[in-house]
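Residue numbers start at 1 and run along the sequence shown. Predicted, not measured: the structure shown is a model, and the values here were computed from it.
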Amino acid sequence: MASCSAYRRWLVSLYRGNSKIITSSILYNKLSWARMSSSSLVSSQFERVGFIGLGNMGSRMANNLIKAGYNVLVHDVNLDVMKKYSDNGILTKNSPFEVAEECDVVITMLPSSTHVMDVYTGRKGFLSDGNLLRPQLFIDSSTIDPQTSRTVSKAISGCKLKEDRGSGSPAILDAPVSGGVLSAETGSLTFMSWLRWFQRLLKARALVGGSEQAYMSSKPLLLSMGKNIIHCGGPGNGSAAKICNNLALAVSMLGVSEAFALGQSLGISAHTLTKIFNSSSARCWSSDSYNPVPGVMDGVPASRNYEGGFAAKLMAKDLGLAAVSAKEVGLSSPLTFLAERIFTELCNEGHGVKDFSCVFRHYFSGKDEL
């Protein structure tokens, strides 16, 4: 049996060498074929992995763990999503507590700080039966404020393992994901579409906060879901790194979009400005990889009416987390609050589900390139 990395390389080479052939509609949500990645491929101390939060990102992360050969249990409040996993032979549980009772490690990917607190400390949460826990490790990949990450970390670190395997108490990491994936598509995806998503996911980064020992033990799991893993320090630092990254991204996109809109008003095409930006000091990811001007770059949300990508409402949420954090530490952050106001206004005007680069069209009134 080939290794996981060899299997992934084979998939990528298959796509590159047969891009005109691989168009059959193999259903992405049919996971049974992935059992070819047997448990012998799993290079981890964790035999059973729980995953809670099967939304756009979480479902893909869970699917990658299944493909890597992990024995995965799942839970989500969406019963239809649960049924899809159950129908494909994946064990589902009715609550976070039930998941934790049978797993060595539990990963959460949830929408907000409130959801994270409920899953950890709520009525059917991990801690609902006291401070004795089965999982050795908890990994929260939700994008939340660092303060909540640290509160949850303190609660978990005060617990004991039901089966003491030498560590005494469970560990927890905050490991939000940066890099993004293609938007979820309902129903079925073709194998070719899945490969495009898969190649994009390999570029994703896990920004990890927590102890060095817990970080090292989690690496096989994290490497099944992404390529780059960066240890950011103690509890909450992974969450802090994520909101700082997205703050910089938001401000960058606003600056590039405003410059393109101004250039168009002054008679310079966005094509010309893009060439200038990308060969000089204004070059950045928002200009050379994620250009917000429709008609300038293929394969980005701007080329498909801002569908897919990273929703403006999610950017507004992350900027809100950055703003709250800035207030709590007493830091003057004028660009944070301005960016939050702009993206919140964008959402209030009905553009929240569009990719955040739509700020070029819907806030700065930028024009399409013909």
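Closest non-hydrogen pair, Phe97 versus Gly125, comes out as CB-O, 3.5 Å. Pairing each heavy atom of Ser269 with each of Thr272, the nearest pair is OG-OG1, 2.9 Å. The minimum heavy-atom distance linking Val116 with Ser142 is given by the pair CG2-OG, 3.5 Å. The two residues Gly366 and Ala261 have their closest heavy-atom pair at CA-CB, 4.4 Å. Considering every non-hydrogen atom in both Pro292 and Pro294, the closest pair reads O-CD, 3.3 Å. Residue Lys242 comes nearest to Thr143 through the heavy atom pair NZ-OG1, 2.7 Å, listed as atom of the first residue, atom of the second, then distance.
Ile243 and Val152 fall into different hydrophobic clusters, defined by Ile, Leu, Val, Met, Phe, Trp and Tyr side-chain heavy atoms under 4.5 Å apart, directly or through other members. Put simply, Leu91 and Val72 are part of two different groups of oily side chains (I, L, V, M, F, W, Y) that touch within less than 4.5 Å, one to the next. Linking Ile, Leu, Val, Met, Phe, Trp and Tyr residues whenever their side-chain heavy atoms come within less than 4.5 Å leaves Leu73 and Leu137 in two separate clusters. Under a hydrophobic-cluster definition in which Ile, Leu, Val, Met, Phe, Trp and Tyr are linked whenever side-chain heavy atoms come within less than 4.5 Å, directly or via other members, Val359 and Val296 are assigned to different clusters. Taking hydrophobic clusters as Ile, Leu, Val, Met, Phe, Trp and Tyr residues chained together by side-chain heavy-atom distances below 4.5 Å, Leu132 does not share a cluster with Tyr120.
The side-chain heavy atoms of Val300 and Ser357, taken from C-beta on, include no pair separated by under 4.5 Å. Side-chain contact between Pro170 and Pro135 is absent, with no heavy-atom pair separated by less than 4.5 Å. At a threshold of 4.5 Å between non-hydrogen side-chain atoms, the residues Lys313 and Val353 count as touching. Under the 4.5 Å side-chain criterion, counting only non-hydrogen atoms from C-beta, His75 is in contact with Pro96. Put simply, the side chain of Val177 reaches to within 4.5 Å of the side chain of Met61, judged on heavy atoms. Residues Asp145 and Val324 form no side-chain contact, since every pair of their non-hydrogen atoms from C-beta on lies 4.5 Å or further apart. Between Ser279 and Lys275 there is no side-chain heavy-atom pair separated by less than 4.5 Å. Side-chain contact between Leu247 and Leu319: present, with at least one pair of heavy atoms (C-beta onward) separated by less than 4.5 Å.
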| Checking side-chain contact (heavy atoms from CB on, under 4.5 Å) for the pair Cys284/Val256: CA distance, chi angles, key distance, verdict? | CA-CA 9 Å; Cys284 62; Val256 165; 3.5 Å; yes
| field | Worked check of side-chain contact (heavy atoms from CB on, under 4.5 Å) between Val119 and Phe138 | value | CA-CA 12 Å; Val119 164; Phe138 294 86; over 6 Å; no
| task | Verify side-chain contact (heavy atoms from CB on, under 4.5 Å) between Lys354 and Asn305, making sure each step is shown before the conclusion. | result | CA-CA 8 Å; Lys354 297 284 190 180; Asn305 195 31; 3.1 Å; yes
| Worked verdict on Met253 versus Phe310 for side-chain contact (heavy atoms from CB on, under 4.5 Å) | CA-CA 12 Å; Met253 182 59 74; Phe310 186 59; over 6 Å; no
What donor-acceptor contacts under 3.5 angstrom involve side-chain atoms of residues 336-349, with partners at least two apart or in another chain?
{"unit_1": "Thr344", "atom_1": "OG1", "unit_2": "Glu340", "atom_2": "O", "d": "2.7"}
{"unit_1": "Asn348", "atom_1": "ND2", "unit_2": "Thr344", "atom_2": "O", "d": "3.4"}

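His351 pairs by the ring-ring contact (aromatic ring centres under 6.0 Å, His included) definition with His362, not counting sequence neighbours. In terms of the ring-ring contact (aromatic ring centres under 6.0 Å, His included) criterion, Tyr306 has no residue partners (sequence neighbours excluded). Ser257 pairs by the side chain to side chain donor-acceptor pair (under 3.5 Å) definition with nothing, not counting sequence neighbours. Every residue two or more places apart in sequence or in another chain was checked for a salt bridge (charged side-chain N to carboxylate O under 4.0 Å, His left out) with Glu369, and none qualifies. The salt bridge (charged side-chain N to carboxylate O under 4.0 Å, His left out) search around Glu102 returns Arg48, Lys93, not counting sequence neighbours. Residues forming a side-chain contact (heavy atoms from CB on, under 4.5 Å) with Ser157 (at least two apart in sequence, or on another chain): none. In this view, Arg361 and Asp368 satisfy the salt bridge (charged side-chain N to carboxylate O under 4.0 Å, His left out) rule, not counting sequence neighbours. The salt bridge (charged side-chain N to carboxylate O under 4.0 Å, His left out) test applied to Lys83 returns Asp87, not counting sequence neighbours. Partners of Ala259 under the side-chain contact (heavy atoms from CB on, under 4.5 Å) rule, at least two apart in sequence or in another chain, are Phe277.
In the model, Asp355 has a side-chain atom that pairs as donor or acceptor with a side-chain atom of Tyr290 under 3.5 Å. For the 3.5 Å distance criterion, the side chains of Asn63 and Tyr85 qualify, holding a donor opposite an acceptor. Using modelled atom types and a 3.5 Å distance limit, the side chains of Ser286 and Ser252 yield a donor-acceptor pair. Between the side chains of Thr108 and Asp140, a donor-acceptor pair is found at a separation under 3.5 Å. Inspection of the His115 and Ser112 side chains reveals an N or O donor paired with an N or O acceptor under 3.5 Å.
Listed by first then second residue, pairs satisfying salt bridge (charged side-chain N to carboxylate O under 4.0 Å, His left out) with a partner in residues 115-132 number zero, not counting sequence neighbours. Within the structure, side chain to side chain donor-acceptor pair (under 3.5 Å) contacts touching residues 318-335 (residues at least two apart or in different chains) are Gln147-Glu328, Asn246-Asp318.
Atoms CG and CG, from Asn71 and Leu65 in turn, are 11.0 Å apart once rounded to the nearest 0.5 Å. Once rounded to the nearest 0.5 Å, the distance linking CG of Leu314 with CZ of Phe356 reads 11.0 Å. Rounded to the nearest 0.5 Å, atoms CZ (Arg60) and CE (Met109) are 11.0 Å apart. Atom-to-atom distance recorded for Leu161:CG and Leu133:CG is 7.5 Å, nearest 0.5 angstrom. To the nearest 0.5 Å, the span separating OG1 on Thr92 from CZ on Phe51 amounts to 15.0 Å. To the nearest 0.5 Å, the span separating CG on Asn278 from CZ on Arg283 amounts to 5.5 Å.
Side chain of Asp174 to main chain of Ser239: a donor-acceptor pair is present (N/O by atom type, distance under 3.5 Å, no hydrogens or angles). At distances below 3.5 Å, not a single donor-acceptor pair connects side-chain atoms of Asp76 with backbone N or O atoms of Met82. Side chain of Asn131 to backbone of Leu127: no donor-acceptor contact under 3.5 angstrom is found. A distance-only check finds a donor-acceptor pair linking the side chain of Thr274 to the backbone of Ala270 [under 3.5 Å]. Checked by atom type and distance alone, the side chain of Ser141 pairs as donor or acceptor with a backbone atom of Ala175 at under 3.5 Å.
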